[in-house]
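Just below is one structure, and these are the notes that go with it.
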Amino acid sequence: MTGAAAREAEASGAEAVSRSEYCVVACADAWRGSGEILAAAMAPVSSFGARLAKRSFAPELLLTDGEAMLVGLDGQVEGWLPYRRHLTMVTGGKRHVMMGASQIDRYGNQNISCVGDWSRPTRQLLGVRGAPVNTLNNPVSYWIPRHSPRVFVERVDMVCGVGHDRAAAAGATRFHRIPRVVSDLGVFDFETPDRSMRLASLHPGVTVDQVRRATGFDLVIGDEVPYTREPTAEELRLIREVIDPGGLRDREVTAS
């Protein structure tokens, strides 16, 4: 592992920063500067990221219990959020959701519905659900805990979340935004001329070649790729002692 935090931890005898903790911090940064907006996360690490953001640099974020309530950091109910009101927030752009992806391609098209031909799939998944509305009406990022060529594919088998190329072709780019994709290997964005996926940062301990081998299409990779930022001492304390003392993050991201 590389990075200042890892070196300091080694020198002091403290526990080194784990890959999962870099992932939590990378997910948290997706909500940096979002303002008073609903942070919706679909998995443990992305949920921990949302809570870390609210506890540290984004106190104005709104959190949900995932069903019908807005909740505070202590779990106390702060407001009622019925489904119709949740949909109003989505269509009004007042939510930034971090979804998962069974497949995602170079332009950010996402599939959570099926693998194989949609008329006779080899595997049935969740279904399209709210992915099209999410991606066309409010910011959508993605958290992918297992980066592999089976997930990062040249072409998704079915489009659920709308990517940059399809949004542009449909003339539906006004509210379309994919801020970032976070995986267990690094952070990715679409800050390129054709809005194709770019390697924005590597998690310490990961190499560019590892990312290339785990990706089923040609990523945009600069000459110098930075490492994902180090968590602060306070962020590490919050992750380890307050947000996830049971270490669930290490079950979702197994790399050290």
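Throughout, numbering of the chain's residues begins at 1 and tracks the sequence.
- M99 contributes atom CE, which lies 10.0 Å from atom CD1 of I104 (distance to the nearest 0.5 angstrom).
- Of the possible donor and acceptor atoms, none in the side chain of E241 sits under 3.5 Å from a partner among the backbone N and O of L238.
- The pair D189-R180 does not count as a salt bridge, with every side-chain nitrogen at least 4.0 angstrom from each carboxylate oxygen.
- Residue V211 forms a side chain to side chain contact (heavy atoms under 4.5 Å, CB included) with just one option from V208, T207, T215, and that option is T215.
- More than 12 heavy atoms of other shown residues, nucleotides or ligands fall within 6.0 angstrom of atom CZ in R146.
- Taking the charged nitrogens against the carboxylate oxygens, D29 and R229 do have a contact shorter than 4.0 Å, which makes a salt bridge.
- Not less than 6.0 angstrom separates the ring centroid of H164 from the ring centroid of Y107.
- Taking a 6.0 Å sphere around CZ of R155, one finds it holds 12 or fewer heavy atoms contributed by other residues, nucleotides or ligands.
- If you check the side chains of S113 and N111, you find no donor sitting under 3.5 Å from an acceptor.
- Ion pairing between a basic and an acidic side chain is recognised when a charged N comes within 4.0 Å of a carboxylate O; R237 and E234 show such pairing.
- Taking the side chain as every heavy atom from C-beta outward, V140 and R177 never approach each other to under 4.5 Å.
- Taking the six-membered ring for Trp and the full ring otherwise, F152 and H147 have centroids separated by under 6.0 Å.
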| request: Might you work through the side chain to side chain donor-acceptor pair (under 3.5 Å) test for H176 and T135, ending with a clear yes or no? | output: CA-CA 6 Å; H176 180 266; T135 48; 5.3 Å; no
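- A cation-pi arrangement is present between R32 and F57, with the terminal nitrogen or guanidinium carbon under 6.0 Å from the aromatic centre and inside a 45° cone about the axis.
- By the 4.0 Å N-to-carboxylate-O rule, E60 lies too far from K54 to be salt-bridged with it.
- Between W31 and H96, the ring planes lie tilted relative to each other; the angle falls in the 30° to 60° range.
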